[in-house]
Number of protein chains: 2
Amino acid sequence: MNQTEEKILEAAEKVFLKHGYDGSRMQAIADLAGINKAMLHYYFRSKDLLFERIFKEKFSRFFPAIEETFQLEMHFVDKLCIFAEKYIDFLIQNPYLPLFVLNNINKNPDFSKNLPLNMPQLLLQSYLEDVEKGLCKMHQPAQILITVLGICAFPFLAKPMMTLLLGASDEDFFELMQQRKEEAKKQIRILFEV
Amino acid sequence: MNQTEEKILEAAEKVFLKHGYDGSRMQAIADLAGINKAMLHYYFRSKDLLFERIFKEKFSRFFPAIEETFQLEMHFVDKLCIFAEKYIDFLIQNPYLPLFVLNNINKNPDFSKNLPLNMPQLLLQSYLEDVEKGLCKMHQPAQILITVLGICAFPFLAKPMMTLLLGASDEDFFELMQQRKEEAKKQIRILFEV
DNA sequence: CATGAAATTAACCAAATGGTTAAACTACTT
DNA sequence: AAGTAGTTTAACCATTTGGTTAATTTCATG
């Protein structure tokens with residue numbers, strides 16, 4: 001890919017993730033990329049299209065490589081644990097992502113509706129198999145989904161609030177998230193293992 | 001309070017909650033309030049001040065009337081359960097609030113830092129009492145806070161995503177949240193009760 | 001009714017912002 | 001060297017937007 005295009009995408013990602021669509025300025029993206037503002041339009045035509053490009057990529061990453069995990073030969077609860085650990089690790093690298101993605105699904109649900117998404121089926125299927133075999137407690141699948149995603153993603157959505165509430169620094173927070181991986185697995189086992 | 005002022009505040013609340021600070025237009029607020037745009041400045045001077053007025057009120061409500069609950073004579077876990085039920089009920093009435101508040105803490109942490117906030121102390125105190133008496137499992141207080149708030153608030157932060165993932169309607173979602181109250185209490189007991 | 005303060009409006013303003021354009025520069029081909 | 005297509009830039013444009021102003025309306029009070 002073109003070097004300029006690459007620089008633009010990097011800059012756009014940073015700016016959009018930090019300030020959201022409405023809070024982002026094309027000039028700010030150009031400045032960060034170290035190029036003329038007209039280049040943005042030359043390569044991506046409009047703010048909307050540039051944003052769409054970034055959002056689609058982020059959206060797809062927010063529902064993480066769950067396929068691999070859920071295709072393993074393994075108990076449902078073990079899959080959940082592996083998922084949780086991987087996912088929290090991923091979010092430690094991408095702490096802004098959840099708030100960014102949720103904001104934009106919220107802002108433009110119709111657009112998001114057309115993006116590919118096969119997470120729930122995989123999870124549901126694995127769950128049903130194990131619940132039949134008596135390996136897993138009965139729950140409403142929707143509640144499982146909410147609970148597991150919440151255990152992993154909520155701390156990152158609430159990061160600024162948590163540092164506020166706890167008087168914690170950024171380092172403290174990331175330390176807490178390292179510990180959260182064990183906490184998450186423990187909670188998942190307690191809640192769902194039979 | 002002045003009737004016009006009231007109308008402005010109502011309109012501003014709706015617009016800001018839905019579109020955020022950057023996405024909101026003073027003209028949109030004036031239109032919704034059915035008044036001239038200049039009135040907004042007459043009563044509130046600037047967009048910043050009007051927003052601040054709304055945000056402060058919402059911020060204070062996001063950390064809900066926890067004082068009353070936590071001053072009851074009761075086991076820690078029972079307090080958590082009562083809190084969860086009350087809080088989810090409150091969020092059912094105010095589903096947009098969590099995303100709004102978190103966004104703006106994130107955007108302007110320094111401002112939020114100066115707002116009053118005594119939730120963690122109350123919770124911590126009650127927790128320590130019970131853990132000493134052996135009535136409650138050992139946990140890191142920060143993890144308890146994250147977990148309990150997440151159980152309650154995450155579904156609302158993720159509302160648009162959840163309706164997307166589950167193919168659910170708004171009614172379906174609110175039905176799910178009604179059930180969430182029981183689910184939350186069950187989870188809290190399993191996780192924290194000894 | 002007259003008066004003066006408060007409330008309200010239409011018109012206006014300056015800055016910011018997404019986007020365009022025409023010229024200039026670069027690099028490759030013949 | 002000349003031509004050409006792609007790339008980059010400075011200057012510009014139209015619209016939007018937060019905010020102001022001066023004039024008008026409302027309304028309670030003497």
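Computed from a predicted structure; not experimentally measured. Chain letters run A, B, ... following the sequence lines, proteins first, then strands; residues in each count from 1.
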- Message: Within residues 9-29 of chain A, which residues have any heavy atom lying less than 4.0 Å from an atom of DNA chain C?
- Response: A:S24, A:R25, A:M26
- Nearest-angstrom distance from the residue atom CG of A:L49 to P of C:dG18: 14 Å
- Over 12 non-hydrogen atoms of neighbours within 6.0 angstrom of NZ in B:K14: no
- Item | Cation-pi check, A:K18 onto A:Y96 ring (under 6.0 Å, within 45° of axis) | no
- Spacing between A:N2 atom CG and C:dA27 atom P, to the nearest angstrom: 13 Å
- Task: Take the protein atom NZ of A:K7 and the nucleotide atom P of D:dT7, then report the distance between them rounded to whole Å.
- Result: 14 Å
- Query: Rounded to the nearest Å, what distance is computed from the CG atom of residue A:L50 to the P atom of nucleotide C:dT17?
  - Reply: 16 Å
- Message: What's A:F44 touching, base or sugar-phosphate or nothing? Going by heavy atoms closer than 4.0 Å.
- Response: nothing
- Looking at A:T4, does any N or O in its side chain come under 4.0 Å of the phosphate oxygens OP1/OP2 on D:dT8? yes
- What is the distance from OH of A:Y42 to P of C:dA22, rounded to the nearest Å? 16 Å
- Query: When the aromatic ring centroids of A:F16 and A:F51 are compared, is their separation below 6.0 Å?
  - Reply: yes
- Message: With a 6.0 Å cut-off on the ring centroids, do A:Y87 and A:F83 count as close?
- Response: yes
- Task: Can you sort out which residues in residues 31-41 of chain A have a heavy atom within less than 4.0 Å of DNA chain C? Ascending by number, please.
- Result: A:K37, A:A38, A:H41
- Query: Quick one: which of A:F76, A:F192, A:Y127 gives a ring-ring contact (aromatic ring centres under 6.0 Å, His included) with A:H139?
  - Reply: A:F192
- Item | Exercise: do A:E183 and A:Q187 side chains pair donor with acceptor under 3.5 Å | yes
- Could you please spell out the steps behind the side chain to side chain contact (heavy atoms under 4.5 Å, CB included) verdict for A:E193 and A:C136? CA-CA 5 Å; A:E193 210 164 41; A:C136 173; over 6 Å; no
- Residues A:D110, A:K113; criterion salt bridge (Lys or Arg N to Asp or Glu O under 4.0 Å); working and verdict: CA-CA 5 Å; A:D110 291 333; A:K113 216 171 286 179; 3.3 Å; yes
- How many Å lie between CD on A:E5 and P on D:dT7, as a whole number? 9 Å
- Query: Does the pair A:K107/A:D22 count as a salt bridge with the N-to-O cut at 4.0 Å?
  - Reply: yes
